[in-house]
Amino acid sequence: MRKIISCMHVSLDGFVTGPKGEMDCFLVSDEMFDRAKKLTDASDTALYGRVTFEMMDAYWPEAGKAKNASKHDIEHSEWYNNVEKIVISKTLKDLHKDSTKVISENVVEEIIKLKNTSGKNIQIFGSPGLCHSLMESDLIDEYWLFQNPILLGNGKPMFKNIMERMKFKLLSSKEYTNGVVEMNYERVKEVNK
């Protein structure tokens, strides 16, 4: 079974965006981009909510071709252009884009089918609304959290509407020179006895 991996920046007080959806407070570095490349190299499918997909699709298809493109822009643009993209949206219907599929109904069932196909990991970058929906159905297998040294006080929370206790195992952690702490957690599912 394929794993769904969520990768998200988060504040010390647990928010993934500010009150207006802003993310300009989160820190990045070349070292963090190198880590992101390892995640994309292990993934052949990207899973997005509509808002994040529209943001990504407006930038990444051509980002690697820009005159001043960084190493990260070139690498991530290449991955984005070659990966299968799944967009979860009730408002988008047909995108008519290569390697892009929209799921608007029976989302849980469709994601379970996707997990049961062969292939590499299924990667979610951002898309907090989608992550909330998948968390409610316990479909995310790993979380890569990049905890930033900032308090936002308000915004969109990382974890929301969790109805029961969920356990996780810390697989790895790393501190970056900019103060961000990366934590990789695996969901631990208890077997009913």
Side-chain angles (χ1 to χ4, degrees), residues 2-49 51-86 120-132 134-135 140-160 168-187:
R2 299 167 76 186
K3 290 197 282 187
I4 294 181
I5 313 278
S6 172
C7 182
M8 192 92 64
H9 280 272
V10 63
S11 66
L12 288 174
D13 51 350
F15 295 104
V16 296
T17 71
K20 297 177 183 171
E22 67 274 17
M23 298 182 300
D24 58 344
C25 57
F26 294 126
L27 303 170
V28 294
S29 67
D30 287 339
E31 188 179 17
M32 293 168 72
F33 287 140
D34 289 343
R35 174 64 92 186
K37 184 175 183 330
K38 289 180 181 178
L39 292 171
T40 56
D41 286 349
S43 304
D44 62 7
T45 304
L47 189 56
Y48 298 109
V51 173
T52 302
F53 171 75
E54 288 176 342
M55 180 182 68
M56 299 292 244
D57 203 54
Y59 181 76
W60 287 114
E62 300 298 320
K65 299 175 187 171
K67 185 177 178 180
N68 61 345
S70 68
K71 174 184 152 206
H72 170 65
D73 286 341
I74 294 166
E75 291 171 348
H76 198 78
S77 181
E78 182 180 339
W79 177 79
Y80 183 86
N81 288 326
N82 291 302
V83 73
E84 178 184 10
K85 292 169 277 297
I86 307 290
K120 294 181 176 181
N121 293 334
I122 302 162
Q123 185 69 53
I124 305 172
F125 284 110
S127 298
L130 171 61
C131 286
H132 293 157
L134 296 180
M135 280 182 227
I140 300 177
D141 302 291
E142 278 188 39
Y143 295 82
W144 287 79
L145 303 178
F146 292 84
Q147 190 170 49
N148 282 249
I150 187 169
L151 295 174
L152 294 179
N154 197 354
K156 187 169 277 198
M158 174 67 205
F159 298 102
K160 175 179 155 181
F168 298 88
K169 177 183 178 184
L170 181 65
L171 299 178
S172 66
S173 64
K174 176 179 175 54
E175 181 180 354
Y176 293 94
T177 56
N178 61 9
V180 172
V181 176
E182 166 199 304
M183 297 168 289
N184 173 214
Y185 287 100
E186 177 181 58
R187 172 73 173 104

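Keep in mind that the numbers below use all heavy atoms, side chains included, and drop hydrogens, waters and symmetry copies.
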Gap between atom [atom2] of [Y] and atom [atom1] of [X] - 0.5 Å precision:
X      : Y      : atom1 : atom2 : answer
Ser77  : His72  : OG    : NE2   : 10.0 Å
Ile86  : Phe53  : CD1   : CZ    : 10.5 Å
Cys7   : Leu39  : SG    : CG    : 5.5 Å
Asn154 : Phe15  : CG    : CZ    : 5.5 Å
Thr45  : Lys120 : OG1   : NZ    : 10.0 Å
Thr52  : Asp57  : OG1   : CG    : 12.0 Å

Report the residues that fulfil side-chain contact (heavy atoms from CB on, under 4.5 Å) with Lys160, sequence neighbours left out, ordered by chain and then residue number. His132, Pro157

Can you see which heavy atom on [X] is nearest to which on [Y], and at what distance?
X      : Y      : value
Asp141 : Lys3   : OD2-CA, 3.2 Å
His9   : Leu27  : CE1-O, 3.2 Å
Lys85  : Val83  : NZ-O, 3.1 Å
Ile124 : Cys131 : CG2-SG, 3.8 Å

The complete set of side-chain hydrogen bond (donor to acceptor under 3.5 Å, both in side chains) pairs with one or both residues in residues 25-39, sequence neighbours excluded, reads Glu31-Lys174, Asp34-Lys71, Arg35-Glu182, Lys37-Asp41

Are side-chain heavy atoms of [X] and [Y] found at a separation under 4.5 Å?
X      : Y      : result
Arg187 : Ile140 : no
Asp44  : Glu84  : no
Phe159 : Tyr143 : yes
Asn148 : Cys25  : no
Pro61  : Asn81  : yes

Polar side-chain atom of [X] near backbone of [Y] as donor-acceptor pair, under 3.5 Å:
X      : Y      : answer
Asp13  : Leu152 : yes
Ser127 : Gly49  : yes
Asn184 : Trp144 : no
Gln123 : Ala46  : no

Are the aromatic ring centres of Phe146 and Phe26 under 6.0 angstrom apart?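 No, the ring of Phe146 stays outside the 6.0 Å limit from the ring of Phe26, centre to centre.
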
Can you tell which of Tyr59, Phe33, Trp60 makes a ring pair (Phe, Tyr, Trp, His ring centres under 6.0 Å) with His76? Trp60

Are there more than 12 heavy atoms of other residues, nucleotides or ligands under 6.0 Å from atom CE of Met8?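 It does: Met8 CE has more than 12 such atoms within range.
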
Taking atom CD of Glu54 as the centre, report whether more than 12 heavy atoms of other residues, nucleotides or ligands fall under 6.0 Å from it. yes

For residues 14-26, which residue pairs qualify under salt bridge (Lys or Arg N to Asp or Glu O under 4.0 Å), counting only residues two or more places apart or in two chains? none

